[in-house]
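A quick note: this is a predicted structure, and the numbers were derived from the prediction, not measured. Just so you know, these numbers use all the heavy atoms, side chains as well, and skip hydrogens, waters and symmetry mates.
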Amino acid sequence: MALVYLLPLLLLHLLRPFPTVSAVGINYGTLGNNLPSPKTVAQLLQSTLIDKVKIYDTNPQILQAFSNSGIDIIVAVENNNVANISSTKAAAEDWFSHRIAPFIPATSIVAIAVGNEYLATGDDNMDPNALIQAMQNLHEVLLSRGLDRKIKISTPHSMAVLATSFPPSASTFATTLMPTMTAIITFLADTGSPFMVNAYPYFAYRDNPATVPLEYALLGNSSGVHDPKGYVYTNMLDAQIDAIRAAIVSLGFEGQSIHIMVSESGWPSKGEPGETAASPDNAKTYNTRLIAKAQSNKGTPMKPNDKIDIFLFALFNENKKQGGSSERNFGLFNGDGSKVYDVDLSCEFCSGSKMEFGFGPGSKMVQRGPSVWCVAKPHADEKLVQGVLDFCCGPGGVDCREVYENGACFGPNKVHAHASYAMNAYYQMHGRNYWNCDFKGSGLVTFSDPSYGTCKYSQQ
């Protein structure tokens with residue numbers, strides 16, 4: 001009798017929202033003629049702490065490669081396509097139908113970035129009103145399809161949209177952009193979408209090395225920079241984020257909750273002869289600290305409890321990218337797959353065996369086979385995963401003896417590992433339908449066999 005009452009309680013527990021553990025996003029550009037295939041990239045990223053990828057178009061090979069990967073994708077409308085999508089709602093519907101609809105829900109597309117630094121291009125043909133209208137038209141498409149909660153619409157800005165960025169508390173948007181920024185932020189507030197900003201302390205240091213301390217730009221100046229309103233900044237990225245925050249408030253949005261996302265940030269490993277700070281050591285230092293910041297769940301001095309989503313720039317050096325040498329050398333990896341420098345992308349428990357991550361020759365890779373398994377997402381909240389484990393091993397009917405002490409799958413003695421075994425058994429028992437591996441968003445379908453040693457995961 002007690003079980004009858006226990007089952008609804010456990011199901012209710014699984015349906016309650018839990019905070020997720022912060023992971024890291026990365027920008028995946030493809031302006032190179034020597035890059036690994038999208039399928040290879042998707043496979044390898046599943047074995048890392050990367051759980052979000054932002055691309056600069058709607059490349060169908062990439063979208064297909066990331067299907068059922070457990071990695072969220074942000075796609076983009078290229079700047080030269082904004083005008084067409086802004087023209088009519090039918091044009092936006094046509095774009096969505098051909099570029100996005102064929103890949104969902106298998107590919108987890110969570111946002112559409114309309115343009116990239118569109119307002120800072122300096123191109124008179126880039127009409128700010130077209131940007132706003134394109135965003136609105138795409139949102140109407142999402143509404144009509146019931147996807148407006150799953151997929152958000154935004155547009156990434158450069159720091160050039162500000163009239164001034166220091167001190168952060170006094171920052172405002174450029175006067176000429178205020179009407180446009182007001183309309184964009186109103187849209188973001190109404191739709192619950194993030195304000196995307198590409199923030200690069202590197203460029204601020206490069207252009208002002210006499211006034212910007214290198215350690216401050218590298219996210220490591222513990223002495224701090226003081227704002228007149230009492231905020232203390234130990235790194236420039238926090239100051240840049242709060243400068244955007246203050247500019248938003250200056251437009252009258254103080255009472256509104258506008259989430260800020262760092263859509264790009266990184267440091268080049270190589271530059272022109274005068275770019276002395278562009279080095280592998282500095283790039284490693286910055287990106288290591290950036291990853292730690294992304295995982296910290298901490299905010300900024302103005303909003304210490306508001307965590308910031310961060311997308312590292314970039315996955316690869318892109319040898320066909322225009323601009324100076326530094327523009328082609330922001331990647332963690334060279335085009336041939338070798339590491340530019342060593343940054344730890346490992347996660348505590350990922351699908352597949354733990355491995356030395358890399359794309360180059362000799363890198364270990366988990367090959368895809370005809371079978372599929374269900375495992376816990378590496379970054380799912382531990383309380384939620386524990387609830388899933390309790391459900392599977394109780395009312396769910398899974399035989400969990402293998403994850404008990406002395407069982408073949410007891411080690412590693414971690415909740416995510418034990419839950420993965422139980423979730424997979426439940427998934428296989430119930431016919432391997434995608435909804436049998438959801439578990440309130442904590443499950444991940446993988447083509448990589450998670451079995452290890454004498455611990456064997458069941459399969460059909």
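In this structure, the separation between OG1 on Thr107 and CD1 on Ile73 is 7.0 Å, given to the nearest 0.5 Å. Atoms CG and CE, on Leu218 and Met236 in that order, are 10.5 Å from each other to the nearest 0.5 Å. In this structure, the separation between CD on Glu318 and CG on Asn33 is 11.5 Å, given to the nearest 0.5 Å. In this structure, OG1 in Thr180 is found 9.5 Å from NE2 in His157, a value given to the nearest 0.5 Å. Annotation: the span from Glu264 atom CD to Ser158 atom OG amounts to 10.0 Å, rounded to 0.5 Å. Summarising the geometry, atom CG belonging to Asp336 is positioned 10.5 Å from atom CG belonging to Asn319; distances are rounded to the nearest 0.5 Å.
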Run the salt bridge (charged side-chain N to carboxylate O under 4.0 Å, His left out) test on Glu272 and Arg206 for me, step by step, so that the C-alpha distance in whole Å, both residues' side-chain angles and the decisive distance to 0.1 Å come before the verdict.
CA-CA 11 Å; Glu272 300 297 334; Arg206 182 196 67 181; over 6 Å; no
Checking salt bridge (charged side-chain N to carboxylate O under 4.0 Å, His left out) for the pair Asp242/Lys303: CA distance, chi angles, key distance, verdict?
CA-CA 8 Å; Asp242 276 355; Lys303 292 283 188 179; over 6 Å; no
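Asp399 and Arg401 are joined by a salt bridge, as a carboxylate oxygen and a charged side-chain nitrogen come within less than 4.0 angstrom of each other. By the 4.0 Å N-to-carboxylate-O rule, Arg99 lies too far from Asp57 to be salt-bridged with it. Under the 4.0 Å criterion applied to side-chain N and carboxylate O atoms, Asp309 and Lys307 are assigned as salt-bridge partners.
Taking the six-membered ring where the residue is Trp, the centroids of His418 and Tyr404 are separated by 6.0 Å or more. Aromatic pair Tyr457/Tyr421: ring centres closer than 6.0 Å. You'll find the ring centres of Phe330 and Phe316 outside the 6.0 Å limit. Between Phe203 and Tyr200, a ring centre-to-centre spacing shorter than 6.0 Å is recorded.
In Gln61, the CD atom is not crowded: 12 or fewer heavy atoms of neighbouring residues, nucleotides or ligands sit closer than 6.0 Å. Atom NZ of Lys284 has 12 or fewer neighbouring heavy atoms from other residues, nucleotides or ligands inside a 6.0 Å radius.
When atom types are taken as modelled, the side chain of Asn137 and the backbone of Ile85 share a donor-acceptor pair closer than 3.5 angstrom. Proximity of a side-chain donor or acceptor of Asn424 to a complementary backbone N or O of Val375 within less than 3.5 Å is not detected. Checked by atom type and distance alone, the side chain of Gln386 never pairs as donor or acceptor with a backbone atom of Asp381 at under 3.5 Å. Remark: the backbone N or O of Gly411 is not paired with any side-chain donor or acceptor of Lys414 at under 3.5 angstrom. Side chain of Asn436 to main chain of Gln428: no donor-acceptor pair is present (N/O by atom type, distance under 3.5 Å, no hydrogens or angles). The closest donor-acceptor contact from the side chain of Thr48 to the backbone of Leu45 lies under 3.5 Å.
Using a 4.5 Å heavy-atom cutoff, the side chains of Thr58 and Ile112 are not in contact. Looking only at side-chain heavy atoms (C-beta outward), Lys89 and Val141 stay at 4.5 Å or farther from each other. By the 4.5 Å heavy-atom criterion applied to side chains, Lys152 and Pro194 are counted as neighbours. Annotation: side chain of Glu93 is in contact with side chain of Arg145 (closest heavy-atom distance under 4.5 Å). Between Ser265 and Pro201, some side-chain heavy-atom pair lies under the 4.5 Å cut-off. Residues Asn317 and Arg328 have side chains not in contact (no heavy-atom distance under 4.5 Å, counting atoms from C-beta outward). Residues Phe391 and Tyr426 are in side-chain contact: their nearest non-hydrogen atoms beyond the backbone lie under 4.5 Å apart. Using a 4.5 Å cut-off on side-chain heavy atoms (C-beta onward), Lys54 and Ile26 make no contact.
When each of Ile244, Ile241, Asn198, Leu290 is tested with Val262 by the rule side-chain contact (heavy atoms from CB on, under 4.5 Å), just one qualifies, namely Ile241.
Phe187 meets the ring-ring contact (aromatic ring centres under 6.0 Å, His included) test with His139; sequence neighbours excluded.
Of all non-hydrogen atoms in Val82 and Ala134, the two that sit nearest each other are O-CB, 3.8 Å. When all heavy atoms of Ser154 and Leu188 are compared, the closest pair comes out as OG-CD2, 3.7 Å.
Remark: the Ser144 side chain and the Glu140 side chain contain no N/O donor-acceptor pair separated by less than 3.5 Å. Side-chain contact, Asn235 with Asp238: a donor N or O sits under 3.5 Å from an acceptor N or O. Side chains of Asp281 and Tyr341: a donor-acceptor N/O pair is absent below 3.5 angstrom, by distance only. Neither side chain, Asn129 nor Gln133, offers a donor N or O lying under 3.5 Å from an acceptor on the other. For the residue pair Glu275 / Ser326, a side-chain donor-acceptor distance below 3.5 Å is found, with atom types taken as modelled. Inspection of the Ser451 and Asp449 side chains reveals an N or O donor paired with an N or O acceptor under 3.5 Å. No hydrogens or angles considered: nothing links the side chains of Asn329 and Ser269 as a donor-acceptor pair under 3.5 Å.
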